[in-house]
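Remember, it's a predicted structure, so these values are computed and weren't measured experimentally. Position 1 is the first residue of the sequence; numbering continues from there.
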Amino acid sequence: MRKPLPAVAAAIAGGLMTLSFAPYNLWLCGLLSLGLFAWLLAPGPKAPKLSGKNTFWLALCYGVGLFATGGSWVYVSITDFGNSSPLLGVILTGAFVGILAVLLALPFVLISRFRSKPISFALAFAALWFFSEWLRTWMFTGFPWLFAGYGHIHTWLAGWAPIVSVYGIGLLLAFTAAVMALFARRTFESWKSPSAIALAAVALLAWPLGLLLNNIQWTEASDDTRTIGLVQANIPQEKKWLPEFRGETIRRYQSATQDLHSQGVDVIIWPEAALPLLYHQAPNLIEALQDNALNTQKDLITGILYDTERDHRRVIHNSAAVFGSEQQLYHKRHLVPFGEYVPLEDWIRGTIEFFNLPTSFIRPGPEGQQPLTAGGLSWAPLICYEIVYPQLVAESSGDAQVLLTLSNDAWFGDSIGPLQHMQMAQMRALETRRYLVRGTNTGVTAIVSPDGVITEQLPQFEQATLVGQVQARSGLTPFMVIGIWGLVALATLMLLAAVILQKRPETITDGALTGAPD
């Protein structure tokens with residue numbers, strides 16, 4: 001029979017992690033969260049024996065606490081904009097939380113095998129935390145949200161982002177937390193043992209080293225600076241696709257754009273699917289946008305749904321279009337399940353209204369698309385959900401000078417979702433050391449510097465325009481070179497080292513446990 005107290009403590013620890021993210025930004029809560037989680041799993045003279053089932057259960061409870069608090073905005077999207085009843089919203093949100101909690105918990109089935117040596121436990125805990133985050137990046141199309149490293153955009157650990165990305169920051173945090181837990185459990189034969197000293201030194205040195213790394217530019221700044229204007233039209237989601245509101249939507253964008261022309265901007269940016277029309281349904285409007293961009297010599301980048309024919313079937317993409325000196329298109333590659341397409345469509349579409357959202361018929365664009373060119377700069381386009389994938393952004397931005405993400409976070413309502421989304425975009429600027437421009441319908445519309453700091457920002461849920469500057473940057477950060485597979489290799493080596501150390505004969509100099517191993 002499982003004791004309820006550890007399970008409750010694990011759930012509380014998971015909820016504590018949410019306080020490290022936007023809008024709370026209490027980074028210490030993230031470290032305490034992982035520290036408490038590691039303490040529940042760590043060996044020690046008074047620590048309970050744990051099997052793989054026990055550790056999975058504790059990790060599952062931790063995941064429920066994390067995703068029920070940090071992902072609460074999903075309920076808003078399902079009920080307020082998915083037209084589901086409150087009861088169905090609770091059921092679907094519960095399923096969402098449960099699936100993510102299982103994915104987080106799966107790797108920790110193995111942690112019970114690494115509890116007879118402190119070094120083995122610390123290495124394994126950090127590596128398994130990495131694998132739990134990586135697993136959530138691609139399993140079931142992926143949901144790489146609420147990673148531990150996002151709470152450290154403005155701490156000393158931020159200096160590691162261009163080298164090991166948000167994944168590596170999470171790994172360092174997990175290692176620090178594991179060492180904290182081992183000391184709290186009085187696991188070491190002596191606090192002055194070689195094991196204790198070595199683990200404490202590595203955990204502590206990672207922080208000031210990150211501060212030193214933060215002074216390295218990694219990418220090269222050029223003299224090419226552009227003034228950009230962003231339009232936040234604040235179109236209500238419930239009215240966005242109504243035919244009778246179409247004229248008002250277009251009027252808002254055109255009026256705001258006219259105002260920006262007098263402010264000396266070089267590029268004007270509208271958000272994701274700004275125009276409530278298919279590209280080929282509005283030839284007159286498309287022609288007018290192109291003529292206006294040419295006549296004013298101010299390129300326009302806008303989100304739009306692009307329709308085309310493929311194999312005698314109509315295909316629709318969620319796209320970004322450039323009007324001006326050179327007309328170009330980018331088609332979104334990584335789509336949002338249910339929001340942009342319906343998994344197992346033939347089976348479940350039509351069963352409930354949530355599976356019939358007005359944009360759930362999108363198809364992904366091809367791989368290998370080139371950056372967009374506007375205002376004499378090259379832009380790496382990333383539409384909405386794509387910005388939360390570190391590897392996708394790293395691969396897309398090598399030949400680009402600026403990151404551009406277009407989004408419509410009206411789906412989140414007045415929840416913490418848009419602020420978390422903005423924070424993840426800031427991390428992408430840090431990882432690639434490039435300026436990032438974020439254009440949205442309802443906020444957060446902002447410009448982010450290469451060090452992850454927001455330089456310009458509009459308030460949410462207001463109709464407004466933003467004018468700011470970006471500077472072209474070139475070159476590759478270490479993470480853009482090694483990518484996610486370099487980190488997978490590192491975490492695998494850490495696990496192998498944990499296995500090898502686990503099998504070594506125990507001696508007093510190893511810092512062996514004072515209690516019996518499991």
Side-chain angles (χ1 to χ4, degrees), residues 225-237 239-240 245-277 282 285-286 288-304 319-325 372 374-377 379 381-384 387 402-412 414 418-419 421-422 425-426 429 435-449 453-472:
T225 301
R226 297 291 185 274
T227 301
I228 60 170
L230 294 137
V231 178
Q232 182 176 288
N234 195 35
I235 306 297
Q237 188 62 34
K239 296 181 179 180
K240 181 174 178 61
F245 200 76
R246 187 177 297 162
E248 170 62 15
T249 298
I250 295 172
R251 185 199 65 77
R252 287 192 189 186
Y253 282 109
Q254 290 181 329
S255 175
T257 299
Q258 196 65 35
D259 292 340
L260 287 172
H261 284 164
S262 62
Q263 299 185 51
V265 300
D266 301 302
V267 180
I268 295 170
I269 296 170
W270 296 357
E272 177 188 16
L275 298 173
L277 294 161
L285 177 59
I286 297 300
L289 293 176
Q290 172 64 11
D291 290 344
N292 187 59
L294 287 175
N295 293 335
T296 60
Q297 296 184 337
K298 301 181 188 303
D299 290 344
L300 168 69
I301 306 176
T302 181
I304 190 170
S319 305
V322 178
F323 298 99
S325 56
L372 300 175
L377 299 181
W379 305 70
L382 301 143
I383 298 178
C384 190
I387 198 66
V402 183
L403 303 183
L404 171 66
T405 177
L406 307 180
S407 189
N408 176 25
D409 287 357
W411 290 102
F412 298 117
D414 187 14
L419 303 175
H421 203 186
M422 180 71 239
Q426 290 174 257
Y435 273 89
L436 177 139
V437 177
R438 188 169 193 262
T440 70
N441 172 30
T442 57
V444 180
T445 297
I447 298 173
V448 182
S449 67
V453 175
I454 296 176
T455 60
E456 306 284 347
Q457 178 179 340
L458 290 177
Q460 287 182 276
F461 309 111
E462 290 187 14
Q463 185 179 344
T465 58
L466 181 152
V467 176
Q469 291 189 325
V470 297
Q471 183 183 46

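Side-chain N or O atoms of Arg252 include one that pairs as donor or acceptor with a backbone N or O of Ala233 at under 3.5 Å. With hydrogens and angles ignored, the 3.5 Å screen pairs a side-chain donor or acceptor of Asn441 with a backbone N or O of Asn234. A donor-acceptor pair under 3.5 Å links the side-chain atoms of Glu272 to the main chain of Asn408, judged by distance alone. Listed for the Ser255 side chain is no donor-acceptor partner under 3.5 Å among the backbone atoms of Arg251. Without hydrogens or angle criteria, Lys298 side chain to Val265 main chain gives a donor-acceptor distance under 3.5 Å. Of the possible donor and acceptor atoms, none in the side chain of Lys240 sits under 3.5 Å from a partner among the backbone N and O of Ala410.
Applying side chain to side chain contact (heavy atoms under 4.5 Å, CB included) to Leu230 and the options Ile268, Ile447, Leu406, Leu260 leaves one that passes, Ile447.
Taking 4.5 Å as the limit, some side-chain heavy atom of Ile301 sits within range of a side-chain heavy atom of Leu404. Side-chain contact between Glu456 and Val467: absent, with no pair of heavy atoms (C-beta onward) separated by less than 4.5 Å. Between Gln232 and Leu466 the shortest side-chain heavy-atom distance does not fall below 4.5 Å. Residues Trp379 and Val267 meet the side-chain proximity criterion, which asks for heavy atoms closer than 4.5 Å. Side-chain atoms of Trp270 and Leu275, non-hydrogen and from C-beta on, do get closer than 4.5 Å to each other. Within the 4.5 Å cutoff, the side chain of Ile286 has heavy atoms near those of the Ile304 side chain.
Salt bridge Arg438/Asp409: present, at least one basic N to carboxylate O contact under 4.0 Å.
Residues passing the side chain to side chain contact (heavy atoms under 4.5 Å, CB included) test with Asp414 are Phe461, sequence neighbours excluded.
In Glu248, the CD atom is crowded: over 12 heavy atoms of neighbouring residues, nucleotides or ligands sit closer than 6.0 Å.
Rounding to the nearest 0.5 Å gives a distance of 5.0 Å between NE2 of His421 and SG of Cys384.
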